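These notes concern the structure reproduced below.
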Amino acid sequence: MQNENQLIGVRKLKLKKLIDLGVNPYPGKNKRTYYIKKLRDNQDIFIENSQKVIINGRLKAMRRQGKIGFANISDDSGNIQIFVKRDLVGEDNYEIFKLLDLGDFVQIEGICFVTQKGEYSVKADVVTILGKNLKPLPIVKEKKVDGKIERYDVFSDIELRFRKRYLDLLLNPDVKNTFVIRAKIITEMRNFLDKNGFLEVETPTLQPLYGGANARPFTTHHNTLDIPLYLRIATELYLKRLIVGGFERVYEIGKNFRNEGMDKTHNPEFTLLELYQAFTDLDGMISLTENMISEIAKKISGSEIIDFQGEKISFQKPWSKASMTDLIKEKTGFDASDFNFEKIKAFCKDNDIEIAPNAGAGKLITEIFDRFVEPTLIQPTFVIDFPKEVSPLAKDKPGNPNLVERFELFINGNEYGNAFTELNDPIEQRRRLDAQAKLRELGDVEANVVDEDFIEALEYGMPPTGGLGLGIDRLVMLFTGNTSIKEVILFPTMRPE
RNA sequence: GGUCCAGUAACUCAGCGGUAGAGUAUCUGCCUUUUAAGCAGAGAGUCGAUGGUUCGAUCCCAUCCUGGAUCACCA
């Protein structure tokens, strides 16, 4: 820390010198006539070299050479070389230039030109400081080799990158790009949904009861009301209330919070799209999902076939669709379609699959699926015919009392989405939630709780409805080639230092 | 939670039972077309934390902290 204080001390000294020279190191006003990229795109301006331009940016590299100096500054749009010459800016202004450090914000007023080595540059008439840097940024050196940029001493410590994400964004262009793409994906999603008549809504994040998923919640307390409140684990039950209320197509993109394990695909808070559409069903959700994601793929990647870690993933329609028990049979040879509990239990035992105390055949089937099938589903696959036992909010599949109309979407061995023909029979819904309550009494901390207000809403009547949930973070991982969810969340949850 | 790996200067890393080294960054000097600028010199570290073994620990051992990988759990 001694050393760091020393580095900061040097900069504070320069700060003082600037102030002594009558310079405000943190001025409020500034001018800018060009973003750097726009300037670079306008090549004529470098050749005519008569027009005065003003650019702002952060000092990223400095090459001083006695009475001249070259530097690079970058703004949000790009990076450009500046050239400062004592004879041009004058002695006083050159003094200020000499007091600048890497990381300072500056304004350069000058004329564009091309150096002898062919570098597009701005020749300064006036150098103005816009913000003094006190703490040195890590230095990443870049060198062009055969047109490609090689980078040295890349700021790469994973822990530091996440804890000080601002540095990560500043120093790692790919990281910045990931979040630009993230924003574009969400924009394209909104465009698609808005175009298709969906209304974007906002439902409570703080809920007196949580529901819509199997998960443990975060709990908090409201002082004035003196009641416990839960951070939502899903938006499902509120969005369905809106369908009851007469909106036929609604969606919400928002944070959900689940108080459980963290790993490469799970962050305690994560972003989910949920949408509900009246007068459709699971098949409607399948085509909507295909259409939406393949359109996003085209918009983002320019193709319906994307490359993920060397794996080609195709979003060309139609995607494959298969029933859960068929897939199990295909991968293991074991036929679970009869839901014969003893037989399925025996299979689990043989394969070291843990049998939860209150698990029925349906629960065990999903366990077998998770173990043997899920990791093998690389191309987009709708897995349908889910056990009713694990789907308390989905409508029965006609003709089979064990199954519901539900799919989960798997890509690259992970779950991306979950959709049902929504259960709109209030009596059956109560039965299902009561069954969940029993499981809860038996110790299943993730079982759903009974939401009387939601059931009451169903009693007023909910039209036949299709619903979909889609994990945005995982989708962003897919489109940006990242294998950890932390890479696509700006400030992932970390244990405090 | 289990197992494995990592933590050394601001950054990226080497190293080792005898209390530390490089490059970059910083500072000083020289330098009016450089671009990983260059040349010469200098400063900078509780070697993640705490105990133990030892004459002596950054190194060996134990525990802990933080992160990563993987398995388990979990959607």
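First the proteins, then the strands, lettered A, B, ... as listed; each starts at 1. Please read these numbers as outputs of a predicted model, since none were measured by experiment.
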Counting any heavy atom closer than 4.0 Å, what does [X] reach on the DNA or RNA strands: base, sugar-phosphate only, or nothing?
X	value
A/E260	sugar-phosphate
A/E408	base
A/D263	base
A/S156	sugar-phosphate
A/N418	nothing
A/E142	sugar-phosphate
A/V154	sugar-phosphate
A/M494	sugar-phosphate
A/R64	base
A/K164	nothing

Whole-Å distance between [N] [atom2] and [X] [atom1]?
X	N	atom1	atom2	value
A/K14	B/U26	NZ	P	7 Å
A/L102	B/A36	CG	P	15 Å
A/N214	B/C73	CG	P	16 Å

Legend entry - Proximity of A/F257 and A/Y210 rings by center, below 6.0 Å: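 Between A/F257 and A/Y210, the centre distance exceeds or equals 6.0 Å.
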
Legend entry - Ring centre gap for A/F420 and A/F386 strictly below 6.0 Å: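 Ring centres of A/F386 and A/F420 not closer than 6.0 Å.
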
Legend entry - Pair pattern of RNA chain B in dot-bracket, where unpaired bases get dots and | marks partners in another strand, Watson-Crick or G-U under 3.5 angstrom: (((((((..((((....[..)))).(((((.......))))).....(((((..]....))))))))))))....

Looking only at side chains, do [X] and [Y] share a donor and an acceptor under 3.5 Å apart?
X	Y	answer
A/N79	A/R40	no
A/E150	A/Y152	yes
A/T465	A/E422	no

Inset, instruction - From the options A/K132, A/R58, A/R11, select the one residue that forms a salt bridge (Lys or Arg N to Asp or Glu O under 4.0 Å) with A/D104. - result: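 For A/D104, the salt bridge (Lys or Arg N to Asp or Glu O under 4.0 Å) check succeeds only for A/K132.
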
Between the side chains of [Y] and [X], is the shortest nitrogen-to-carboxylate-oxygen separation below 4.0 Å, so that they form an ion pair?
X	Y	result
A/K438	A/E441	no
A/R165	A/D168	yes
A/R182	A/D473	yes

Ignoring backbone atoms, test whether [X] places a side-chain nitrogen or oxygen under 4.0 Å from the OP1 or OP2 oxygen of [N].
X	N	result
A/R63	B/U34	no
A/K141	B/G23	no
A/K264	B/U70	yes
A/R163	B/G67	yes

Heavy atoms from C-beta onward define the side chain here; which of [options] lies closest to that of [X]?
X	options	value
A/Q81	B/U35, B/U33, B/C27	B/U35
A/P138	B/C11, B/C31, B/G68	B/C11
A/Y152	B/A36, B/U26, B/U32	B/A36
A/R495	B/C73, B/C65, B/G23	B/C65
A/E159	B/G67, B/U12, B/U33	B/G67
A/K486	B/G68, B/U33, B/C31	B/G68
A/I139	B/A25, B/U34, B/C27	B/A25
A/L160	B/U35, B/A37, B/C11	B/C11
A/D153	B/U35, B/C31, B/U12	B/U12

Inset, instruction - With RNA chain B as reference, determine whether A/F386 or A/M262 sits nearer its 5' end, using the nearest nucleotide of each. - result: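 So the residue in question is A/M262.
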
Inset, instruction - Hey, which sits more toward the 5' end of RNA chain B by its nearest nucleotide, A/D101 or A/T366? - result: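 This one resolves to A/D101.
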
Inset, instruction - Take atom C1' in B/A20 and the same atom in B/A9, then report the distance between them in whole Å. - result: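 Roughly 11 Å separates the two C1' atoms.
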
Inset, instruction - Look at the side chain of A/Q65 against the base of B/U32 and say whether a donor-acceptor pair falls under 3.5 Å; ignore hydrogens and angles. - result: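 There is none.
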
Inset, instruction - Flag as yes if A/F70 stacks onto the base of B/A37 (centroids under 5.5 Å, planes under 30°), otherwise no. - result: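 Base of B/A37: not stacked against A/F70.
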
Legend entry - 4.5 Å side-chain heavy-atom contact, A/K363 and A/I355: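 Not in contact.
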
Inset, instruction - Mark yes or no: A/K123 above the aromatic ring of A/F113, with NZ or CZ under 6.0 Å from the six-membered ring centre and no more than 45 degrees from the axis. - result: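 The answer is yes, since A/K123 meets both limits relative to A/F113.
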
Legend entry - Audit row: A/I293, A/L409, side-chain contact (heavy atoms from CB on, under 4.5 Å) steps and yes/no: CA-CA 11 Å; A/I293 295 183; A/L409 170 64; 4.0 Å; yes

Inset, instruction - Report, as a single string ordered 5' to 3', how protein heavy atoms within less than 4.0 Å touch nucleotides 3-8 of chain B: B base, S sugar-phosphate only, - not at all. - result: ------

